[in-house]
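What follows is a set of notes on a single structure, which appears directly below.
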There are 2 protein chains.
Amino acid sequence: MDRTKKELCEECDLEWENLKNLTEKELEIVNLNKFKTDFKPGEIIFKQGSPTSNAVFLSNGMAKIYIEGFDNKRMMVGIAKPKQLIAGPGTFVDERHHYSVAALTDVSACFVKMDVLKELMRQNSKFAEGWLQDISRKALGTFYKFLSHTQKKMHGRLAETLIYLADEVHGSDNFTMILSRQELGELSGMAKESVVRILKEFSEDSIIDDKCPNIKIINKEKLIMVSKMG
Amino acid sequence: MDRTKKELCEECDLEWENLKNLTEKELEIVNLNKFKTDFKPGEIIFKQGSPTSNAVFLSNGMAKIYIEGFDNKRMMVGIAKPKQLIAGPGTFVDERHHYSVAALTDVSACFVKMDVLKELMRQNSKFAEGWLQDISRKALGTFYKFLSHTQKKMHGRLAETLIYLADEVHGSDNFTMILSRQELGELSGMAKESVVRILKEFSEDSIIDDKCPNIKIINKEKLIMVSKMG
DNA sequence: ATTCCGTATTGATATATATCAATACGAAAA
DNA sequence: TTTTCGTATTGATATATATCAATACGGAAT
């Protein structure tokens, strides 16, 4: 992590959808109160338990969002990409992060003072509503993930995870797997060995093509079928 | 359900904490746009998939909030009490309920037009912020429940559920169990038979005293211990 | 009081899944 | 090139938990 690099990053101004609800003047304030930092793979962007003093936007790269639970076990919540606000639900509750975020690839991140965003939220009701929408959408996502973890079996959950990676993260059925088997397990709620075995089954059934760091979904229909209660 | 009973219900004006952020005038608007309905145990207050046209506040009684998942299985999210806003995360996303709510006891509920609340949210930034806090707090709760379902074993989850019922729902270690074993299972993520067996163990270990509809937590320390990774 | 029906309880069994242990592989370092 | 080390893979086994089946219980209806 290189905190010396502190500069304006014009290129990520309008990344978060909700920033479009700000006026020129308000956006200016945001620009004056942000700074950029770079991270290498594996480096922690912020840590569970630390104060939510800044909101984070990735301008480049991907990061994993995860909770450090009991017994040193981790639960991965999802993968953060550019255009998203990363600021946990603790922001409006206890001003503490309730999960950690770590870079998966090279990452450029913009930090924006949370006080500034909160103040803008109070001034601009469109912005407030957008933020409500953002939080709601994420809560809903967590909800459904919770449901599938509770009710689906491993095959279904792993299929779901692959679909998530293809559709939501990479936007393609042919992508480079940036997660280790361990991490895939943390994301789909199973042991790494189970990930390996099921991935192998999917390969044998010609549902996916798993060439080391590259994953290609061959039979999406079947994968979707498995994900719905496989 | 008796929809003919439509009257102002003065007694529940200030129940939801966030309503305190409204002015007299704004509160007046809320009062003009609400109506009261009564429900009997088992009756559905609103159903998953239906439009979020109204926010609901209970002025009396308790209700279960649950998701109807795959394969007719249910997942109970929690128990709603008076003083709380019941309006799922769909409100700001797709204007659909993502869970159902059904009365567990006799219930009196106030329905308030969602459009009215949303408009007030746009006018009054304190109210908007309060709503953000409310949603965040709930999201955080879901988060931790998710974590414990993923990482704890049955004993820990059931202990946690009992603590939830005592502390959050009834405010006493001595309460009447309003949930069936089936429902207890839906709330703690296990089969009803498992609930029965573990409850019996807790009784044998003198952690609880289970006299049919009444539950008394005798050894809270031990129950807490079990809940933390039992 | 007797019947009836849903829920609770109990025991036996099946199944999903984690854990443990051993080995293989592949990239970085020497 | 060889060594080293973390990750991946595979197989064997243990364990948690669900499911199935039978019975018991308690309140509502007759």
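Throughout, protein chains are lettered first and strands after them, A, B, ... in sequence-line order, and every chain is numbered starting at 1.
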> Is there a side-chain polar atom (N or O) of B:K200 under 4.0 Å from OP1 or OP2 of C:dT10?
Replying inline: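 Yes.
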
> Does A:S194 put a side-chain nitrogen or oxygen below 4.0 Å from OP1 or OP2 of C:dA18?
Replying inline: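 For C:dA18, OP1 or OP2 has a side-chain N or O of A:S194 closer than 4.0 Å.
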
Can you tell me how far [atom2] of [N] sits from [atom1] of [X], to the nearest Å?
| X | N | atom1 | atom2 | value |
| --- | --- | --- | --- | --- |
| A:Q182 | D:dA8 | CD | C1' | 12 Å |
| B:E186 | D:dA18 | CD | C1' | 15 Å |
| A:L184 | D:dA8 | CG | P | 9 Å |
| A:H149 | C:dT17 | NE2 | P | 12 Å |
| B:E193 | D:dA24 | CD | P | 17 Å |
| B:K192 | D:dT17 | NZ | C1' | 14 Å |
| B:L179 | C:dT7 | CG | C1' | 14 Å |
| B:K152 | D:dT17 | NZ | C1' | 18 Å |

>> Here's one to test your reading of the geometry: is the NZ or CZ of A:K152 within 45 degrees of the ring axis of B:F70 and under 6.0 Å from its centre?
In response: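 That pair qualifies as a cation-pi contact.
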
> C:dT19 base to A:R197 side chain: any donor-acceptor pair below 3.5 Å?
Replying inline: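 Present.
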
> Which one, D:dT9, C:dA12, C:dA16, comes nearest to the side chain of A:K153?
Replying inline: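 Within the option list, the nearest is C:dA16.
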
> Which nucleotide, C:dT10, C:dT19, D:dA18, lies nearest any side-chain atom of B:M190?
Replying inline: D:dA18

> Yes or no on salt bridge (charged side-chain N to carboxylate O under 4.0 Å, His left out) for A:D71 and B:K153, after CA distance, side-chain angles and deciding distance?
Replying inline: CA-CA 12 Å; A:D71 214 16; B:K153 280 173 277 153; over 6 Å; no

>> Parallel, tilted or perpendicular: which one describes the rings of B:H155 and B:F202, with boundaries at 30° and 60°?
In response: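 Perpendicular, since the angle between the ring planes exceeds 60°.
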
> Taking 4.0 angstrom as the limit, do B:E68 and B:K47 come out as a salt bridge?
Replying inline: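 Looking at B:K47 together with B:E68, the answer is yes, because their closest N to O distance falls below 4.0 Å.
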
>> For a ring pair (Phe, Tyr, Trp, His ring centres under 6.0 Å) check, start with the C-alpha distance between A:F143 and B:Y99, then their side-chain angles and the critical distance, and finish with the verdict.
In response: CA-CA 10 Å; A:F143 240 69; B:Y99 44 61; 5.8 Å; yes

> Start at the 5' end of DNA chain C and walk down; is the nucleotide closest to A:K73 or to A:C212 reached first?
Replying inline: A:K73

